[in-house]
Peer 1: 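Below is a structure I'd like to ask you about.
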There are 2 protein chains.
Amino acid sequence: MAPERAKSSGTPRTRTEKVHHALRNAIIEQRLAPGSRLPEDAIGDSFGTSRTIAREALGRLAVEGLVDLIPNRGAFVANPSLEDGRGIFTVRRALERAMVLELAGKIDAATASRLRDMVGREAALAARNDAEAIRLAGEFHLTLAQLTGNALLLRYVTETVSRCSLVLAMYGRPHSADCGAREHSAIVEALISGKLDEAAALMDQHLAEVASRALLNSRVEKDIREVLSAYAREIDTA
Amino acid sequence: MAPERAKSSGTPRTRTEKVHHALRNAIIEQRLAPGSRLPEDAIGDSFGTSRTIAREALGRLAVEGLVDLIPNRGAFVANPSLEDGRGIFTVRRALERAMVLELAGKIDAATASRLRDMVGREAALAARNDAEAIRLAGEFHLTLAQLTGNALLLRYVTETVSRCSLVLAMYGRPHSADCGAREHSAIVEALISGKLDEAAALMDQHLAEVASRALLNSRVEKDIREVLSAYAREIDTA
DNA sequence: GCGTTCACTATAGCATACAATCCACTAATT
DNA sequence: AATTAGTGGATTGTATGCTATAGTGAACGC
């Protein structure tokens, strides 16, 4: 009667979950431009599955707010307005501020070195690959959320981080990727030395600055199959 | 190429959406007990659709965190632990604090009287009908969220309010309903007179008290595993 | 008597087939 | 020429059937 308490596995086990994650990454990494159509067949073809899987993944992405679903018309990569973007950042700042404060007493030595390590990798990649840098910068925030042990907080931070990536893709300046490493490092050090209020302030400031980089910018659209073929390989090997 | 800007329609148009909404309501209203199995066949039969629809709805509810999906095992109504409950309240406090601060300059005369009116109705009902009072207390928070004009914030506040209701239903004391009216009134007055920081502090305190009243004193353990986990550790070491 | 193994059954995972809907294009009428 | 009605093609919405997997109970060995 009672369900298992072990859940929210890190690795996707079903095809649906794999496609769901792959599509989310594709959107977050800005490989799929906001507003792009996402036909079920094309997605199914790309990942070597049926439309059923693609359709289910799209439905879940719609709940996450990364995809707009229009009945009988299809799915589109979410296309938030500038005002929506500001609202998303507002929510994210509130969440991540709470997140930092929740980390009280949850940073042990092992965790500390793990965080330092992660920030180090970020700094190394900052000037290089865009997609990888974006992913890593997001993962930093996700890791902190995970450390709180608060499942709902993790869920919401995950969603807002994703949506912020999308907003930055639409309105941010081209090379806004290298922003994070130093600021992340400062936050980590504040956390490790137990200065939570300072860490919270730094985080708030960090996100405020990221948000302030919202300016007009447009992107070019590519063929969906071409973009997704790379992601399809990901799930084959899994 | 660009998608419609009209989205998130109020009324569900596809069968999947209808089942999705229906199931969500059923869970939030506790018609489906936490931990209950949700077999695809049974859901399909209940709504007169195929398993496909039920399956899709369950997947979306899983993203929302209202359902746990275990591969090859099935779907279960989420069964938040007491700790989860605390986490939910933490998130809610962060969100509603931000919400109050976002209301700067958005309370005109008409809105002010509308809020006073609403709180007045709450006060009148406080000692009477429980279900109605609970509904009104929730609506107060939802109304404020709506006034911010922030779509994501509204969605998250709506979700957390729902979940808090669920948590209170599981772990809260019977007569924890009569808490709100006076505190709500104080918040409204602070808002109207433009003292946002004071309003935010009041809101934070208000929610903290609701949480502590319900959760801290609760000794009810609905989940056997929770009780036994402490004993299980002893056995492991032996 | 207890534990282990193995077959069985129920249910989820997935693909395919069919039906419904919308859009674009055409053509005819005013 | 513009507008509207109609038709074809493409894409989504839904149901059903097959396959794979995990729990369940019986038979067997210890």
Side-chain angles (χ1 to χ4, degrees), chain A residues 1-9 11-23 32 35-63 67-78 221 223-225 228 232 234-236 238, chain B residues 1-9 11-23 32 35-63 66-78 225:
Chain A
M1 172 173 33
E4 324 282 283
R5 190 141 287 290
K7 53 193 172 185
S8 67
S9 57
T11 48
R13 296 233 30 88
T14 69
R15 289 181 207 276
T16 297
E17 285 171 23
K18 288 177 186 171
V19 173
H20 179 191
H21 282 246
L23 275 178
L32 293 169
S36 307
R37 271 206 84 199
L38 296 169
E40 296 174 357
D41 319 7
I43 295 169
D45 287 351
S46 302
F47 292 107
T49 71
S50 74
R51 274 179 46 215
T52 306
I53 307 300
R55 180 180 178 74
E56 226 172 306
L58 288 172
R60 298 186 188 187
L61 288 167
V63 173
V67 158
D68 289 334
L69 233 46
I70 304 177
N72 288 312
R73 291 254 306 138
F76 302 84
V77 178
E221 196 168 340
D223 185 288
I224 286 169
R225 284 161 217 263
L228 290 183
E234 267 179 34
I235 74 176
D236 280 340
Chain B
M1 172 168 34
E4 326 278 285
R5 183 140 291 288
K7 47 194 173 189
S8 68
S9 59
T11 49
R13 294 222 46 81
T14 68
R15 290 187 208 281
T16 298
E17 285 172 32
K18 288 178 188 169
V19 174
H20 180 190
H21 280 67
L23 277 178
L32 293 168
S36 308
R37 272 206 82 196
L38 296 170
E40 297 175 357
D41 282 335
I43 295 169
D45 287 349
S46 302
F47 290 103
T49 70
S50 72
R51 277 177 47 222
T52 307
I53 307 299
R55 181 179 177 75
E56 228 172 303
L58 288 173
R60 299 186 187 186
L61 288 167
V63 174
L66 290 178
V67 156
D68 291 332
L69 230 47
I70 304 176
N72 288 314
R73 287 256 303 137
F76 302 83
V77 178
R225 285 158 217 266

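Convention: sequence-line order gives letters A, B, ...; per-chain numbering from 1. Small disclaimer: the values here were computed from a predicted structure and weren't measured.
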Peer 1: Protein-nucleotides 6-8 of chain D N/O pairs closer than 3.5 Å?
Peer 2:
none

Peer 1: Compare every heavy atom of K18(B) with every heavy atom of R13(B), then report the nearest pair and how far apart it is.
Peer 2: O-CE, 4.3 Å
Peer 1: Does the side chain of E17(A) come within less than 4.5 Å of L69(B)'s, by heavy atoms?
Peer 2: no
Peer 1: Atom CG of D45(A) to atom C1' of dT16(C): distance rounded to whole Å?
Peer 2: 14 Å
Peer 1: Quick one: does T52(B)'s side chain get under 4.5 Å of T52(A)'s, heavy atoms only?
Peer 2: no
Peer 1: Could you list, one pair per line, each protein nitrogen or oxygen that sits under 3.5 Å from a nitrogen or oxygen of nucleotides 5-8 of chain C, together with the distance?
Peer 2:
none

Peer 1: Mind calculating the distance between CG (L69(B)) and C1' (dG13(C)) to the nearest angstrom?
Peer 2: 11 Å
Peer 1: Among D68(B), V67(B), L61(B), which residue meets the side chain to side chain contact (heavy atoms under 4.5 Å, CB included) test with L38(B)?
Peer 2: V67(B)
Peer 1: Are R55(B) and dA15(C) close enough that a side-chain N or O sits under 4.0 Å from OP1 or OP2?
Peer 2: no
Peer 1: Taking C-beta and beyond as the side chain, do H20(B) and E56(B) meet within less than 4.5 Å on heavy atoms?
Peer 2: no
Peer 1: Between N or O atoms, less than 3.5 Å apart, protein on one side and nucleotides 18-21 of chain C on the other: list the pairs.
Peer 2:
unit_1: dT21(C); atom_1: O3'; unit_2: N72(A); atom_2: ND2; d: 3.4

Peer 1: R15(B) side chain: which of dA15(D), dT11(D), dC14(C) is closest?
Peer 2: dA15(D)
Peer 1: On DNA chain D, compare the nucleotides closest to S50(B) and E40(A); which residue's is nearer the 5' end?
Peer 2: E40(A)
Peer 1: Quick one: does T16(B) reach the base of dT14(D) with a side-chain donor-acceptor pair under 3.5 Å?
Peer 2: no
Peer 1: What nucleotide among dA12(C), dT14(D), dA15(C) has an atom nearest to a side-chain atom of T49(A)?
Peer 2: dA15(C)
Peer 1: Select one nucleotide: of dA12(C), dA15(D), dA15(C), the one nearest the side-chain heavy atoms of T52(A).
Peer 2: dA15(C)
